[in-house]
Amino acid sequence: MDKPQRGYWCECWTEDLAEDEPPKLQASFDAYTAPQADRWVAVALRTISPALDADSSDEAWAWLYEGRIQTRRALSRMQPCTVSVTHAGTRITWTLRPVLFVPLAHRQGIELPTCAYEAAASLSDDA
């Protein structure tokens, strides 16, 4: 990849609804197509659905059968989406956002600045 590429940044967050704490990031994934992004959520929901209570499992399967189509359409239009289920006081939310992936500079054969070596030396001195 030598030029920016459109894709989706996908994250999975959990939030304990009984606690006054911010949500916690559990996982993230870079997808390059709408089907790849929504498949990431689908695989996760299918994996956890047997452990969910009946209502949460119904929520998960409703998205898998009906909501997934709407999600994929929105992603194809480069619109952000969220999918959530709540189980036993914990909300699990997947966020899917359109992004532009920018390639990193290729460093092979390029000399790093002197400060990079100085920082590495000071770290080894501290050890």
Side-chain angles (χ1 to χ4, degrees):
M1 176 169 76
D2 59 348
K3 55 186 167 185
Q5 183 175 352
R6 291 191 181 277
Y8 305 89
W9 184 246
C10 311
E11 296 174 336
C12 178
W13 294 83
T14 58
E15 179 180 11
D16 185 338
L17 300 176
E19 299 292 323
D20 190 26
E21 295 179 13
K24 294 181 178 89
L25 179 65
Q26 299 300 323
S28 59
F29 177 70
D30 52 327
Y32 292 91
T33 65
Q36 190 180 28
D38 93 312
R39 192 175 318 122
W40 184 67
V41 177
V43 167
L45 280 173
R46 282 190 190 111
T47 301
I48 68 169
S49 68
L52 299 174
D53 60 46
D55 290 339
S56 301
S57 184
D58 288 347
E59 278 183 77
W61 285 101
W63 180 83
L64 285 163
Y65 285 120
E66 297 166 10
R68 187 175 180 187
I69 296 165
Q70 296 166 349
T71 297
R72 192 175 291 188
R73 284 183 186 145
L75 292 173
S76 295
R77 291 189 303 267
M78 300 304 285
Q79 296 173 338
C81 298
T82 60
V83 177
S84 293
V85 295
T86 302
H87 169 75
T90 299
R91 180 180 299 128
I92 307 166
T93 302
W94 291 267
T95 60
L96 312 166
R97 293 178 283 143
V99 295
L100 191 60
F101 292 111
V102 180
L104 297 175
H106 186 62
R107 293 193 330 196
Q108 189 173 16
I110 297 174
E111 187 67 28
L112 292 174
T114 309
C115 62
Y117 300 108
E118 291 170 1
S122 70
L123 288 174
S124 64
D125 291 343
D126 291 339

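What you see below is based on every heavy atom in this structure, not just the backbone, and it leaves out hydrogens, waters and symmetry mates. If you're wondering where the values come from, they're calculated on a predicted model, not measured in any experiment.
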Checklist line | Side chain proximity check, E11 to R97, heavy atoms < 4.5 angstrom | finding: yes
Check: Do W94 and C10 touch side chain to side chain, with heavy atoms closer than 4.5 Å?
Finding: no
Next item on the list: Scan for side-chain hydrogen bond (donor to acceptor under 3.5 Å, both in side chains) pairs involving residues 40-51, sequence neighbours excluded, and state none if there are none.
Entry: S49-W61
Next item on the list: Decide whether V43 and L96 are clustered together by the hydrophobic rule: side chain heavy atoms of Ile, Leu, Val, Met, Phe, Trp, Tyr closer than 4.5 Å, transitively.
Entry: no
Margin query: For residues Y32 and V99: do they belong to one hydrophobic cluster (side chain heavy atoms under 4.5 Å, members Ile, Leu, Val, Met, Phe, Trp, Tyr)?
Written below: yes
Notebook entry, point to check: What are the two closest heavy atoms between W63 and V83, and how far apart are they?
Noted result: NE1-CG2, 3.4 Å
Margin query: Let me check something: do F101 and Y8 share a hydrophobic cluster, defined by ILVMFWY side-chain heavy atoms less than 4.5 Å apart, either directly or through other members?
Written below: no
Check: Taking all non-hydrogen atoms of both residues, which atom of S56 and which atom of V85 are closest, and how far apart?
Finding: O-CG1, 4.2 Å
Next item on the list: State, with a plain yes or no, whether a side-chain heavy atom of F29 is found less than 4.5 Å away from one of Q36.
Entry: yes
Margin query: Using side-chain heavy atoms (C-beta onward) and a distance below 4.5 Å, is P98 in contact with R6?
Written below: no
Margin query: Return the CZ to SG distance between R72 and C81, rounded to the nearest 0.5 Å.
Written below: 11.5 Å
Next item on the list: Would you check if I92 and C12 make a side-chain contact, meaning some heavy-atom pair closer than 4.5 Å?
Entry: yes
Next item on the list: Kindly compute the distance separating CZ (R68) from CZ (R39), expressed to the nearest 0.5 Å.
Entry: 7.0 Å
